[in-house]
Structure formats: structure tokens, C-alpha cells
Amino acid sequence: MKTCRTEHELRTLLRVERSAGRSIGFVPTMGALHDGHLSLIGAARQDCDVVVLSIFVNPLQFGPGEDFGAYPRDEERDLRLADQAGVDIVFLPSVEEMYPSDRATTVSFSGISEVLEGASRPGHFDGVCTVVAKLLNQTSADYAYFGQKDAQQVAVVKRMAQDLSIQTDIVVCPIVREPDGLALSSRNAYLDAGQRKAATSLSRSLQAGAEVIRNGGSPEDAEAAMALLLGDRADVELDYAAAVDPSTFSKPGPGGSVLLAVAARVGPARLIDNLLIEAKRT
Ligand code: PAF
């Protein structure tokens, strides 16, 4: 496994691979790797000749007062896991490498970036789009792998890639969960044992919402069921419980697919989770 810290080094390594006709799969991360990331690497490993992983805690996607400073960082552990998972190249740029002080451009995304996560974290998706656009340009990967856990990020990135004519195919991989249902997240590391237990209420609320939809209930009924389950707890501070169309993030059409999405603060961690209920094909 090779590591590099500058765009120049990365491009030099990738030029060799591309000129040998090898396909490139790219997994962007902020490090603190867990099994969710490893599943993305596994998918890239299956599909592509060369797997590139980036580890960069992107300051642009954190708002004031968010956890940019506290975000877990353990380069040695991440490199060991990446190597074991079969990554070929790890790109570890510094903030200065990614954002020189004379940077003048930010990618601005409208529409679905203004609801749910976008409403709770103003500017978050502009930060995500700016870094992802830059990383996709730096790697010129054939495929890039994202987790469904960040469902809104997936929708935003797909749309951005289309709008900016980015050639890379965006591949979405399923959420990886603990046996008790908790979706894997680097932020789970913030939780103590009690908070860890309380955090399972997010996935349980999604199950409750799914049952409502499967029994013919409306999106509003599902939202109420999820909010009831989460709002009832003193140790969970509900941000939103929503049932939306998975592409537009607006009210789902009758009989269409429904994305159930929740966000809540549990102790020091702001956690998100979601469940996609596909429309029945007739
Ligand atoms: O999902 C993440 O870890 C980040 O938002 C990403 C895509 C690596 C951009 O910083």
C-alpha cells in the first residue's frame, strides 16, 4: 500500500495505473475507519483494479460549534485497517494542501441541501460538495463509493456529479449495523455505555415508521410514530424524524418509495440514521 500527502504525488501514482489500463475505485473518508468504511473498500476492491482511499477531516463541512476539533483521528490505526482491507493508495492531504489560503471557489448546492441535514447544519453540503468535487477531480476515479447511511449526502453528491459533468460513477453501498441495529458511525466513539444503548432508539424508531408505511399508513403517520418513540426519551434529543422521497427529499408521492430519516443528539454525539422503503413494483 502506498501513501501520499500531495495532489502531485497522487496524480503521479495514478498516471502509472491509468496508463496501464487499470480501473480506479475511490473511497472518500474522514478516517476513524469502521466496518461501514471497510464495506465500501470491499465493494471498490471487487469492482476495480486499483483502490484509492482518502482520509481528510474536511473543515468546510463542519459548522461553528460542531465537532471538527474533537472528530476522532488515528492515522496509524486507519492505515493498518486500510492495508488489511486491500487498499492500494491512501491519500492523506493536509488542510493547506486541499485549501490553499488563496482558494476562491466553493461549490454551492441548493434545493435538497436546505432541508433535514442541510437545515440543521447550514453550509454543510456546500462543504461536502466542495471537497468531493475536488477529490473526484484529483483522482479522476472510474467509481466512487458512498454509504447509504448518509442518504442525503448521496443524493446531493449524485446530483452534483450530474450537474458538474463529473465522469465518476457514484456507487451507493448499504448501511452496516451492529447486531442491535445501531448504524455504524465514527461518532459512535463519543458514546458511553448508557448513551450507546440509548442510541439504538434511532434504528428502532425507523422500524416503527416502516411498520406504519407497510400497514398502509401515511408518511405523516410514520413521522409521528418515529417522533413519538424518540421524543419520549430523556436521553435522546430529537432533531428530526421525516418520511421523504429519496431523491427530492420532499413529500413522497402516493405509492412511491419512502426514505425514513432521523437525526438526534445522544449525549455528545449527533447521530443520523435512515431506512429506505422501496415502492412496490406492479
Ligand atoms: O461521508 C464522509 O465521510 C464525508 O462527508 C466525505 C464524503 C468523506 C466528505 O468529506
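These numbers come from a predicted model, not from an experiment.
The side-chain contact (heavy atoms from CB on, under 4.5 Å) check on Glu178 picks up Asp180, Leu182, Leu184, Arg196, with sequence neighbours excluded.
Nearest approach of Thr248 to Ser250, heavy atoms of both residues: OG1-OG, 2.8 Å. Nearest heavy-atom pair, Pro246 versus Ser257, reported as atom, atom and distance to 0.1 Å: CD-O, 3.4 Å. Taking both residues in full, the closest heavy atoms of Ala144 and Thr168 are given as N-CG2, 3.5 Å, listed atom of the first, atom of the second, then distance. Of all heavy-atom pairs between Val154 and Gly147, the closest is CG2-O, 3.4 Å. Scanning all heavy atoms of the two residues, the minimum distance from Ala243 to Pro252 falls at O-CD, 3.4 Å. Nearest heavy-atom pair, Cys48 versus Ser23, reported as atom, atom and distance to 0.1 Å: CA-OG, 3.4 Å.
Proximity of a side-chain donor or acceptor of Glu117 to a complementary backbone N or O of Gln152 within less than 3.5 Å is not detected. At least one donor-acceptor pair closer than 3.5 Å links the side chain of Asn188 to the backbone N or O of Ala183. A donor-acceptor contact shorter than 3.5 Å is absent between the side chain of Asp150 and the backbone of Gln153. Side-chain atoms of Asp221 do not come within 3.5 Å of backbone N or O of Gly217 as any donor-acceptor pair. The main-chain N or O of Val107 is found under 3.5 Å from a side-chain atom of Thr130 such that the two form a donor-acceptor pair. Side-chain atoms of Gln207 do not come within 3.5 Å of backbone N or O of Arg204 as any donor-acceptor pair. Of the possible polar contacts, one joining the Asp74 side chain to the Arg77 backbone as a donor-acceptor pair under 3.5 Å is found. At least one donor-acceptor pair closer than 3.5 Å links the side chain of Asn215 to the backbone N or O of Glu211. Between the side chain of His124 and the main chain of Gly118, no donor-acceptor pair closer than 3.5 Å is present.
Residue Leu40 is not grouped with residue Val131 when hydrophobic side chains (ILVMFWY) are merged at heavy-atom distances under 4.5 angstrom, including chains of intermediate members. Leu14 and Leu92 fall into different hydrophobic clusters, where Ile, Leu, Val, Met, Phe, Trp and Tyr are joined by side-chain heavy atoms under 4.5 Å apart, directly or via other members. In the hydrophobic cluster analysis, where Ile, Leu, Val, Met, Phe, Trp and Tyr join through side-chain heavy atoms closer than 4.5 angstrom, Met98 is grouped together with Met160. Hydrophobic cluster membership differs between Val90 and Phe56, with clusters built from Ile, Leu, Val, Met, Phe, Trp and Tyr side chains linked at under 4.5 angstrom. Cluster annotation: Val176 and Tyr145 are assigned to distinct hydrophobic clusters (Ile/Leu/Val/Met/Phe/Trp/Tyr, side-chain heavy-atom contacts under 4.5 Å, transitive).
Under a 4.5 Å side-chain heavy-atom cut-off, the cluster of Ile, Leu, Val, Met, Phe, Trp and Tyr residues that includes Leu275 is completed by Leu191, Leu202, Leu206, Ile213, Met226, Leu230, Val236, Leu238, Val258, Leu260, Val262, Val266, Leu271, Ile277.
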Evaluation steps, side-chain contact (heavy atoms from CB on, under 4.5 Å), between Ile55 and Arg73: CA-CA 10 Å; Ile55 298 177; Arg73 293 163 170 88; over 6 Å; no
Arg177 and Asp273: CA distance, side-chain angles, deciding distance, salt bridge (Lys or Arg N to Asp or Glu O under 4.0 Å) verdict: CA-CA 10 Å; Arg177 297 183 180 280; Asp273 198 355; 2.8 Å; yes
Worked verdict on Asp163 versus Lys158 for salt bridge (Lys or Arg N to Asp or Glu O under 4.0 Å): CA-CA 9 Å; Asp163 289 351; Lys158 277 184 171 173; over 6 Å; no
Salt bridge (Lys or Arg N to Asp or Glu O under 4.0 Å) between Glu9 and Lys2, intermediate numbers included: CA-CA 10 Å; Glu9 288 173 281; Lys2 298 191 171 83; over 6 Å; no
CA sep, side-chain torsions, deciding dist, call: Glu75, Arg5, salt bridge (Lys or Arg N to Asp or Glu O under 4.0 Å): CA-CA 12 Å; Glu75 190 177 301; Arg5 294 183 190 271; 2.6 Å; yes
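Taking 4.5 Å as the limit, every side-chain heavy atom of Asp78 sits out of range of all side-chain heavy atoms of Glu76. Side-chain contact between Asp245 and Lys251 is absent, with no heavy-atom pair separated by less than 4.5 Å. Looking at Gln148 and Pro174, their side chains never come closer than 4.5 Å, going by heavy atoms from C-beta outward. Between Phe146 and Val132 the shortest side-chain heavy-atom distance falls below 4.5 Å. In this structure, Phe91 and Thr139 have side chains that are not in contact, with every pair of non-hydrogen atoms separated by 4.5 Å or more. Two residues are said to be in side-chain contact when any heavy atoms from C-beta on lie closer than 4.5 Å; Ile89 and Cys4 meet this criterion.
Side-chain atoms of Thr106 and Arg103 include a donor-acceptor pair closer than 3.5 Å. For Gln195 and Asp235, the side-chain atoms include no donor-acceptor pair closer than 3.5 Å. With 3.5 Å as the limit, one finds a donor-acceptor pair spanning the side chains of Gln138 and Glu7. Under the 3.5 Å distance criterion, with hydrogens and angles disregarded, no donor-acceptor pair is assigned to the side chains of Glu223 and Tyr240. A donor atom on one side chain and an acceptor atom on the other are not found under 3.5 Å apart for Asn58 and Tyr71. Side-chain contact check for Ser120 and Asp239: at least one donor-acceptor pair (N or O, by modelled atom type) lies under 3.5 Å.
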Less than 3.5 Å apart, which donor and acceptor atoms pair up between the side chains of residues 26-36 and the rest of the protein, not counting sequence neighbours?
{"from": "Thr29", "atom 1": "OG1", "to": "Gly31", "atom 2": "N", "distance (Å)": "3.0"}
{"from": "Thr29", "atom 1": "OG1", "to": "Ser54", "atom 2": "O", "distance (Å)": "2.8"}
{"from": "His34", "atom 1": "ND1", "to": "Gly36", "atom 2": "N", "distance (Å)": "2.9"}

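Seen from the ring of Tyr190, Arg187 does not count as a face-on cation partner, given the 6.0 Å and 45° thresholds. For Arg159 and Phe125, the positive end is not near the middle of the six-membered ring at less than 6.0 Å and at most 45° from its axis.
To the nearest 0.5 Å, the span separating NZ on Lys197 from CG on Asp192 amounts to 12.0 Å. One finds the CD1 atom of Ile166 at 10.5 Å from the CG atom of Leu135 (value rounded to the nearest 0.5 Å). Separation of atoms OG (Ser140) and CZ (Arg15) is listed at 10.5 Å; rounding is to 0.5 Å. Atom CZ in Arg121 sits 13.0 Å away from atom CG in Leu116 (nearest 0.5 Å). Taking CG from Leu259 and CD from Glu278, the interatomic distance works out to 10.0 Å, rounded to the nearest 0.5 Å.
Using a cutoff of 4.0 Å between basic side-chain nitrogens and carboxylate oxygens, Arg45 and Asp88 are scored as salt-bridged. Arg265 and Glu237 are not joined by a salt bridge, as no carboxylate oxygen comes within less than 4.0 angstrom of a charged side-chain nitrogen.
Other residues, nucleotides and ligands place no more than 12 heavy atoms under 6.0 Å from the OH atom of Tyr143.
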